[in-house]
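Values in this document were obtained by computation on a predicted structure and should not be read as measured data. FYI, side chains are in, hydrogens and waters are out, and symmetry mates aren't considered; it's all heavy atoms of this structure.
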There are 2 protein chains.
Amino acid sequence: MVGMETQLASTPDTASTSPAKRTGGRSALVLAAVRTAVEELIKERGPERVTVPMIAERAGVNPTSIYRRWGDLPTLINEIATYRLDPERPLPQSGDLRGDLTAWAREIIEHYSTAVNAALLRAGAATAGESESDCLRNRRAEATMFVARTPNPPVTADQVIDHLVAPIIYRVIFLPWSIDGTTADRLVAELFDRA
Amino acid sequence: MVGMETQLASTPDTASTSPAKRTGGRSALVLAAVRTAVEELIKERGPERVTVPMIAERAGVNPTSIYRRWGDLPTLINEIATYRLDPERPLPQSGDLRGDLTAWAREIIEHYSTAVNAALLRAGAATAGESESDCLRNRRAEATMFVARTPNPPVTADQVIDHLVAPIIYRVIFLPWSIDGTTADRLVAELFDRA
DNA sequence: CGCCAAAAGCAACAAACGTTGCGTTACGGC
DNA sequence: GCCGTAACGCAACGTTTGTTGCTTTTGGCG
């Protein structure tokens with residue numbers, strides 16, 4: 001009984017090939033527009049004061065499209081936050097652990113010095129408990145890598161997390177004004193030399 | 001011209017005495033009910049999925065009362081988060097800086113080990129940028145105090161923040177499972193001894 | 001005890017939100 | 001180019017949210 005085309009848009013007959021997702025052209029445009037809209041709005045109003053219709057209007061897109069694609073505002077924000085971080089950028093690799101970590105820390109601080117990224121980090125913090133989308137996990141992996149490739153590492157990966165990443169993230173979230181050009185170097189110095 | 005009692009609830013004639021705030025009885029009950037409702041809901045559903053009407057119903061209170069008192073959901077959550085922390089509890093005071101800091105760190109970890117407090121912290125993080133209600137500021141004050149009352153402090157208040165408070169808060173928010181009974185001692189040790 | 005006004009309740013309302021069904025566009029594959 | 005259908009747009013709808021004017025309760029104080 002293949003008749004009665006109920007067209008429920010599920011389980012296509014050629015199930016094995018591919019669902020034939022659509023990634024180019026218009027979809028991509030919508031995606032980009034929504035992303036920038038979210039970033040702008042989150043920067044302007046803070047993550048708590050943004051709504052889906054707002055984003056839709058700013059992006060020149062119908063709210064329905066957003067609801068259908070993401071379903072949820074936290075989901076959407078999380079997706080954007082995680083995406084924005086790590087486009088597989090090259091990491092510092094001078095052979096000197098301390099130098100690498102300093103450069104790396106500067107990079108992170110630089111990244112979060114923009115209002116958008118800081119706001120996205122805060123938004124991510126709010127949903128960190130429930131969804132697995134921890135946007136900081138990559139940092140942990142990077143720290144582990146830095147330490148692992150050093151012969152006799154004077155610090156552990158955990159120490160890098162605790163005394164370099166954690167202070168930076170903490171200050172970005174709660175004390176943004178307290179970060180300046182010397183922060184990265186100071187933290188690295190305290191990590192290695194002890195004050 | 002004291003006449004024409006327009007009664008706009010502003011600038012009472014006896015401006016100097018007091019606006020005659022009302023703190024006892026019913027108000028206090030509502031406050032308590034709302035607080036526990038927020039805590040329960042935030043624990044159950046995560047900070048992003050809580051709404052004012054929800055809280056009102058759970059608390060057995062009219063939504064209007066909440067809107068009038070706090071005006072805003074972020075405001076309300078923030079208020080609760082900051083309140084919950086420090087009811088002027090006594091701080092460790094053994095005379096030994098290291099011992100005091102250890103006890104203090106253990107206290108903080110203990111506090112955030114409950115789901116409610118962790119969730120409230122995350123909620124606070126989301127709104128940290130905009131409103132001044134930084135629920136961590138008390139911690140900063142306490143750290144400063146600890147250091148200030150020690151004759152020749154081997155660490156600065158900033159170092160306590162960066163290497164003791166920050167790692168704890170960071171882990172509570174992003175890596176809650178990574179905290180155990182040894183964390184406080186380890187961090188203090190790393191702060192003082194260097195690994 | 002009795003007054004005054006702060007704070008809570010109530011009810012009705014406008015606005016915003018999110019869902020659903022259906023028509024239209026246009027990507028991807030042939 | 002042509003077709004099938006994924007993804008978007010549109011419009012209508014029910015629900016939820018937040019506001020406002022008013023009444024009722026009741027805490028604080030003489």
Side-chain angles (χ1 to χ4, degrees), chain A residues 2 5-38 41 45 47-77 79, chain B residues 2-38 41 45 47-77 79:
Chain A
V2 262
E5 318 187 343
T6 39
Q7 298 289 19
L8 284 182
S10 60
T11 60
D13 341 54
T14 60
S16 60
T17 56
S18 79
K21 286 265 175 191
R22 236 169 244 202
T23 58
R26 184 154 73 155
S27 297
L29 267 166
V30 170
L31 184 63
V34 170
R35 267 187 191 144
T36 58
V38 169
L41 285 169
R45 322 185 25 119
E48 300 288 14
R49 320 262 188 189
V50 177
T51 69
V52 173
M54 251 180 218
I55 298 166
E57 192 192 356
R58 175 76 59 106
V61 160
N62 198 290
T64 316
S65 305
I66 298 185
Y67 285 122
R68 288 228 231 261
R69 248 164 101 122
W70 288 278
D72 219 342
L73 191 125
T75 307
L76 167 60
I77 292 189
E79 211 236 36
Chain B
V2 262
M4 286 308 294
E5 317 187 341
T6 40
Q7 299 288 24
L8 284 181
S10 60
T11 61
D13 341 55
T14 59
S16 59
T17 56
S18 81
K21 284 266 177 191
R22 226 169 254 201
T23 58
R26 183 153 75 155
S27 297
L29 267 164
V30 170
L31 184 63
V34 170
R35 268 186 190 146
T36 58
V38 169
L41 285 170
R45 323 185 22 122
E48 300 286 13
R49 321 261 186 191
V50 177
T51 69
V52 173
M54 251 179 219
I55 298 165
E57 192 192 355
R58 175 75 61 107
V61 161
N62 199 292
T64 316
S65 305
I66 297 185
Y67 285 120
R68 288 227 230 261
R69 248 165 102 120
W70 288 278
D72 218 343
L73 191 127
T75 308
L76 167 60
I77 292 189
E79 211 237 36

- Pairs touching residues 66-75 of chain A that satisfy salt bridge (charged side-chain N to carboxylate O under 4.0 Å, His left out), sequence neighbours left out: A/Asp72-B/Arg49
- Task: Return the value, rounded to whole Å, for the distance between atom CG of B/Asn62 and atom P of C/dC10.
- Result: 6 Å
- Is the shortest side-chain N/O distance from A/Ser65 to OP1 or OP2 of D/dG9 below 4.0 Å? yes
- Query: What string of B, S and - do you get for nucleotides 18-26 of chain D 5' to 3' if you count protein non-hydrogen atoms under 4.0 Å?
  - Reply: BBBBB--BB
Please tabulate, for side-chain N and O atoms in residues 28-37 of chain A, each donor-acceptor pair with protein atoms closer than 3.5 Å (sequence neighbours left out).
residue, atom, partner, partner atom, Å
A/Thr36, OG1, A/Ala32, O, 3.4
A/Thr36, OG1, A/Ala33, O, 3.0

Please set out all donor-acceptor pairs under 3.5 angstrom arising from side-chain atoms of residues 57-67 of chain B, sequence neighbours excluded.
residue, atom, partner, partner atom, Å
B/Arg58, NH1, B/Glu40, OE1, 2.7
B/Arg58, NH1, B/Glu44, OE2, 3.1
B/Arg58, NH2, B/Glu44, OE1, 3.2
B/Asn62, OD1, B/Thr64, N, 3.0
B/Asn62, OD1, B/Thr64, OG1, 2.8
B/Ser65, OG, B/Asn62, O, 3.4

- Atom CE of A/Met54 to atom P of C/dA15: distance rounded to whole Å? 16 Å
- Bending between helix ends of the helix from C/dC1-D/dG30 to C/dC30-D/dG1 [5 pairs per end, 10° resolution]: 50°
- Item | Rounded interatomic separation in angstrom, taking CG from A/Leu76 and P from C/dG18 | 12 Å
- Item | For atom CG of A/Asp72 and atom C1' of C/dC17, their distance in whole Å | 13 Å
- Round to the nearest Å and state the distance from A/Ile66 atom CD1 to D/dA7 atom C1'. 14 Å
- Task: Would you sort out whether A/Leu76 and A/Ile55 count as a side-chain contact (heavy atoms from CB on, under 4.5 Å), showing the intermediate values?
- Result: CA-CA 11 Å; A/Leu76 167 60; A/Ile55 298 166; 3.9 Å; yes
- Enter the distance from A/Thr51:OG1 to A/Arg45:CZ here, rounded to the nearest 0.5 Å. 7.5 Å
- Query: Would you say B/Arg69 reaches C/dA7's phosphate, i.e. side-chain N/O to OP1/OP2 under 4.0 Å?
  - Reply: no
- Item | Rounded interatomic separation in angstrom, taking CZ from A/Arg49 and P from C/dA16 | 16 Å
- Item | Whole-Å distance separating the CD1 atom of B/Ile55 from the C1' atom of D/dT17 | 13 Å
